[in-house]
Each structure stands twice: as C-alpha cells, then as structure tokens.
Amino acid sequence: MGAGFWISRYLLASSILFIILTVVEYSKGTPSQADILSALAWSLVASAIFIGSKYWRYRKAVACATCSGDKPKTKSS
C-alpha cells in the first residue's frame, strides 16, 4: 500500500467527517464562518489521528482480533 492509498484514505475520511460536522453546525442554526472553519479543523485532525493509527498498525503488522483468519479448533473423531 503506497502513499497514494493512504492519502486517498485520509482525504476520504476527512471529507466525510467535514460533511457530517458541517451538517451538524447547520442543524444548530446560523452557522458562522468560524463554525465551518472549526468543523474543517476538527475533521482534519481527527482524520489524521484515525489514518495515522491505521498506518501504524499496518506498518507494525498488528493483526485485528476480529479480522484474523483463525478458524475454531474442532475435535477429530
């Protein structure tokens, strides 16, 4: 997984989070420019933490417990 993969994941995560936070600001009523900039800042920071942790796990090859391919052991008759 190259840099393009991680950059596209970051951009996807941050854009989705920005949309969610912007919708929340609009639903509260009369959003200001500061509210929108705050939503942008929070989406960038939160996405950086999220994708950074995913990248760290990928580099360290830490397996996800729910994703492991371990099959339950069965008794042989």
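Computed over heavy atoms, backbone and side chain alike; hydrogens, waters and symmetry mates excluded.
- Distance check, rounded to the nearest 0.5 Å: CG of L17 to CG of L12 gives 11.0 Å.
- Heavy atoms only, all atoms of each residue included: Y10 and L44 are closest at OH-O, 3.2 Å.
- Across T30 and D35, no two heavy atoms sit closer than the pair O-OD2, 4.3 Å.
- Here the side chains of I36 and F18 are in contact, with some heavy-atom distance below 4.5 Å.
- Aromatic ring centres of Y58 and W6: separated by under 6.0 Å.
- Checked by atom type and distance alone, the side chain of Y55 never pairs as donor or acceptor with a backbone atom of F50 at under 3.5 Å.
- Nearest heavy atom pair, residue S43 against residue S14, reads CB-O, 3.6 Å.
- Distance check, rounded to the nearest 0.5 Å: OG of S38 to CD of E25 gives 6.5 Å.
- Taking CD1 of I16 as the start and CG of L11 as the end, the distance is 11.0 Å to the nearest 0.5 Å.
- Nearest heavy-atom pair, L21 versus W42, reported as atom, atom and distance to 0.1 Å: CD1-CB, 3.9 Å.
- Other residues, nucleotides and ligands place more than 12 heavy atoms under 6.0 Å from the CZ atom of F5.
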